[in-house]
There are 2 protein chains.
Amino acid sequence: MSHRHTDVTRQVADACPVTEVLDRVAGKWSIGILMAAGEGPVRFTQLERSLTGISRRMLTLNLRKLERDGLLTRTVHPTVPPRVDYALTPSGAELREALLTLTGWARRHGGTIAVAQQAYDREHAVDSGSAR
Amino acid sequence: MSHRHTDVTRQVADACPVTEVLDRVAGKWSIGILMAAGEGPVRFTQLERSLTGISRRMLTLNLRKLERDGLLTRTVHPTVPPRVDYALTPSGAELREALLTLTGWARRHGGTIAVAQQAYDREHAVDSGSAR
DNA sequence: CAGAATCCGATGCGATACTG
DNA sequence: CAGTATCGCATCGGATTCTG
């Protein structure tokens, strides 16, 4: 992986820096992690339990990515057993605030969407038109 | 594709409906489309030009997905040549508002992130420690 | 406890060609 | 103009195994 910027995507990013930024929140877990980390310094296992269903692999990868983007800090306590705390940076905290607006919408319209989907599916199903 | 809810993910969605909703904004283009569609009724080609770099395929797929979610409407004018207008629904418009908060953050911190990444890469590079 | 490494299936997305 | 259909690569993400 390293630090490639997906060469092609870059051209788009030039015209729309927003897209580039959003790409790093696009993952399946990124947002959840930022949310969970907002409650203050959190440990690895803590996050693992908050994000029900996440694998160690993905947690680590996303954590590293967010750290690289300067959205959260990783503090290693040289104890035994090892202990690592994750906390949002100022930028990360601001992002989390912005995301709250989004999750707020999600809570308000989550049900609405499910209904809309079912209506759509009923209408666009293998339907012979108005047969029924 | 149809309407599978990725059985496993469902369990997570139950605990966190937010995740489920965010999944439909997670794509590379969804957000851009919602933004572009916010300016009022927009035509297919219009969108295609706004979202620099998008392929017809992805535009269509995302459009259909958003329509299915009840976030935008698709109006076909039976003329020749055909003409189709896309417009946000009330839900979609609200989502767009929420996303503005996010894109606002993006604009403020886009540069910050790039810097953070480079600093991170310099520090975590194939570095032999303090040799330098 | 907090990872790193590897394997592998599922999905995203782009390029291209065809259509009403 | 506004799609649809098919192909193929790249990335995402899960399961498993090994380590300091």
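Proteins come first, then strands; the chains are lettered A, B, ... in the order of their sequence lines, and each starts at number 1.
- Contact between the side-chain N/O atoms of Tyr86(A) and the OP1/OP2 oxygens of dG3(C) is found at a separation under 4.0 Å.
- Screening residues 98-118 of chain A for ring pair (Phe, Tyr, Trp, His ring centres under 6.0 Å) gives Trp105(A)-His109(A) as the qualifying pairs, with residues at least two apart or on separate chains.
- In this structure, the side chains of Met35(A) and Leu100(A) come closer than 4.5 Å at one or more pairs of heavy atoms.
- Nearest heavy-atom pair across Ala37(A) and Val42(A) is CA-CG2, 3.9 Å.
- In this structure, Tyr86(B) has no ring pair (Phe, Tyr, Trp, His ring centres under 6.0 Å) partners at least two apart in sequence or on a different chain.
- Residue pairs meeting the salt bridge (charged side-chain N to carboxylate O under 4.0 Å, His left out) criterion with at least one member in residues 52-66 of chain B, sequence neighbours excluded, are Glu48(B)-Arg56(B).
- Annotation: proximity of residues 70-82 of chain A to DNA chain C (heavy atom, distance under 4.0 Å) is found for Arg74(A), Pro81(A), Pro82(A), numbered in ascending order.
- In this structure, of dG14(C), dG13(D), dA2(D), it is dA2(D) that holds the atom nearest to the side chain of Arg56(B).
- At least one side-chain nitrogen or oxygen of Arg64(A) sits closer than 4.0 Å to the OP1 or OP2 atom of dG3(C).
- By the 4.0 Å N-to-carboxylate-O rule, Arg96(A) lies close enough to Glu39(A) to be salt-bridged with it.
- Summary of the strand contacts: Asp85(B) and Gly27(A) both lie near DNA chain D, and taking for each the nucleotide with the nearest heavy atom, the more 5' one is attributed to Asp85(B).
- Within the 4.0 Å cut-off from OP1 or OP2 of dT11(C), not a single side-chain nitrogen or oxygen of Lys28(A) is found.
- For DNA chain C, none of the residues of residues 34-50 of chain B falls under the heavy-atom distance limit of 4.0 Å.
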Interface polar pairs with nucleotides 5-9 of chain C, N/O, under 3.5 angstrom:
residue: dT6(C); atom: O4; partner: Arg57(A); partner atom: NH1; Å: 3.4

